[in-house]
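So you know, we letter chains A, B, ... as the sequences are listed, proteins then strands, and number each from 1. Predicted model only: the values in this text are computed from it and were never measured.
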Protein chains: 2
Amino acid sequence: MKISELSRTSGVSLPTVKYYLREGLLPPGRPTGRNQAEYGDAHLRRLRLIRALLDVGNLSVAGVRQVLQAVDDAELPGHHLLGTAHEAIAGVPRADRGTPGWQAARAEAGRIVAGRGWRVHERAPALDQLADAIAALRELGQEDMLAMVDDYAEATERLARQEVALVLARGDRAAMVEGLVTGTVLGEAVLTALRRLAQEHTSAGLAGPG
Amino acid sequence: MKISELSRTSGVSLPTVKYYLREGLLPPGRPTGRNQAEYGDAHLRRLRLIRALLDVGNLSVAGVRQVLQAVDDAELPGHHLLGTAHEAIAGVPRADRGTPGWQAARAEAGRIVAGRGWRVHERAPALDQLADAIAALRELGQEDMLAMVDDYAEATERLARQEVALVLARGDRAAMVEGLVTGTVLGEAVLTALRRLAQEHTSAGLAGPG
DNA sequence: CCATCGCGGATAGCATCACTCCCCATTATC
DNA sequence: GATAATGGGGAGTGATGCTATCCGCGATGG
């Protein structure tokens, strides 16, 4: 497959494919001449993964590169890959980390996790994100929303068990690794979309604040 | 309160406060002279909401403006406000909407929702987002992940019932409206953070693909 | 009462990001 | 042998979320 074919069959414009090559998201093709290279199915597949991570997962180009490097690292243990995916998925940190209010929220996040008996890395980005959200809720005087945290935790714990089981059910390592990444990133997209739909359905019939 | 105080107590830089005023995110203060204005607690509160939506909710400035206009519209029924929040929260649509693969995914999204008996607006952005994710999973040959959809739907349905009940429990309309927005946007941040932590915990003890 | 500081209002500039365009010499392909 | 496509690379683009600077006015402090 030539680059133009790769572009056509993937639906990604040729300049963009070149850009991904330059950025190291897409590995170079096998050179067949001084200015010619051959691309295979793996490239097409990789290109689709890139688009999914960028468009559906809202990762940055740098984040995608990070994830793909981890995917390609055959040595990396699975949970490190998960950590890399979580780091790449984490957007820009809030500015107010370090304020007393945030520190308190961060401690609360730690307590929530510990209270559930969850064993997670001390510096998991998701702990900071949880603290961001808790701090924001408190600042806005919406602490009663925190009553939902237990239910969220309960639900996500059950879902995570199934997700992990699903990925582990795969045959080879390569399939597991891709499943891990897509499950993490695209699964999140599916979950949030369904949450919004469930909210809409639930609030539709009821008398809202109107 | 003068603008400099508003800036100092909120932690938002003065040029940024001015920018929000220009962009119509923050209503102008009550003028006390030709070049002086008075800001109140409502402004401080609003400023914090803006930062939460921007930083934690990852909304764009345009999205925040949209949400705040809906919040301030006393006539708007509650479920319209929810719809506005969902629209503002929706990022850039995927490029491949309109391809046969996407159309099929979109139809599948419709079936999933209908199969649950969920009554949602035909053109809810979340339906398209769900289709985006389904299309991406199919393109990547990860269809077995779709087995999770039912569990996600079940969980989000239960959570949505509680969330809506929590918001409706509030006294006045203003509190409901703010609860609706923060519950939608910040609740999502809490839920995804917890999901990542649950994943990490669940996959930590097990033998991963390493 | 006058110097200075902060105010509001506005325009312009900046950094980042994800592309997109154009150029080149080279080389398939018709 | 003419045309088109290729790889490689640098520069340009448009959107976004600020940030900097300027201006004339007026509140404030000695």
Side-chain angles (χ1 to χ4, degrees), chain A residues 1-40 43 47 50-68 88-96, chain B residues 1-40 43 47 50-68 88-96:
Chain A
M1 210 189 320
K2 281 180 289 192
I3 196 174
S4 55
E5 275 176 271
L6 184 62
S7 160
R8 237 171 299 115
T9 59
S10 68
V12 178
S13 81
L14 202 142
T16 302
V17 174
K18 283 177 153 193
Y19 169 66
Y20 292 158
L21 283 165
R22 249 179 297 156
E23 292 295 314
L25 301 193
L26 203 57
R30 184 177 52 82
T32 63
R34 190 180 297 271
N35 67 341
Q36 209 88 148
E38 174 72 12
Y39 300 87
H43 288 93
L47 196 44
I50 292 168
R51 296 304 321 188
L53 294 179
L54 286 175
D55 292 350
V56 183
N58 280 316
L59 300 214
S60 66
V61 166
V64 172
R65 183 169 38 229
Q66 213 178 326
V67 168
L68 294 180
I89 225 174
V92 195
R94 273 202 89 181
D96 66 353
Chain B
M1 209 190 315
K2 280 179 288 191
I3 196 173
S4 55
E5 275 176 88
L6 183 61
S7 160
R8 236 172 299 115
T9 58
S10 68
V12 178
S13 82
L14 203 142
T16 301
V17 174
K18 283 178 156 193
Y19 168 67
Y20 292 157
L21 283 165
R22 260 193 326 256
E23 292 294 313
L25 302 193
L26 202 57
R30 185 176 51 83
T32 63
R34 191 180 297 268
N35 67 343
Q36 212 82 152
E38 174 72 13
Y39 299 88
H43 289 93
L47 196 44
I50 291 168
R51 296 305 321 191
L53 294 179
L54 286 176
D55 292 349
V56 183
N58 280 315
L59 299 215
S60 67
V61 167
V64 173
R65 182 170 38 227
Q66 214 178 325
V67 168
L68 294 180
I89 225 173
V92 196
R94 273 201 88 182
D96 66 353

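To the nearest 0.5 Å, the span separating CG on B:Leu47 from CG on B:Leu6 amounts to 5.5 Å. Interatomic distance, OH of B:Tyr20 versus OG of B:Ser10, reported as 9.5 Å (0.5 Å rounding).
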Counting primed atoms, P, OP1 and OP2 as sugar-phosphate and everything else as base, the B/S/- map of nucleotides 18-30 of chain C against protein heavy atoms under 4.0 Å is BBBB----BSSS-
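Of the options A:Val64, A:Thr16, A:Val67, a side-chain contact (heavy atoms from CB on, under 4.5 Å) to A:Ile50 is made by A:Val64 and by none of the others.
B:Leu6 has its CG atom 14 Å from the C1' atom of C:dC7, to the nearest Å. Distance B:Leu21 CG to C:dA10 P: 11 Å, rounded to the nearest Å. Between the CE atom of B:Met1 and the C1' atom of C:dG6 there is a distance of 17 Å, given to the nearest Å. Nucleotide C:dG9 holds its P atom 15 Å from the CD atom of B:Glu23, rounded to whole Å. The distance between atom CD1 of B:Ile3 and atom P of C:dG6, rounded to the nearest whole Å, is 14 Å.
B:Ser7 is linked by a side chain to side chain contact (heavy atoms under 4.5 Å, CB included) to B:Leu14, B:Val17, counting only residues two or more places apart in sequence or in another chain.
You can see that DNA chain D meets the heavy atoms of chain B within a 4.0 Å-exclusive cut from D:dG17 to D:dA27, reading 5' to 3'.
Annotation: side chain of A:Arg51 is not in contact with side chain of B:Asp96 (no heavy-atom distance under 4.5 Å). Inter-residue side-chain proximity for A:Leu59 and A:Gln66 is flagged as unmet; no heavy-atom pair is nearer than 4.5 Å. By the 4.5 Å heavy-atom criterion applied to side chains, B:Val61 and B:Tyr19 are counted as neighbours.
The backbone N or O of A:Glu23 lies less than 3.5 Å from a partner atom in the side chain of A:Arg65, making a donor-acceptor pair.
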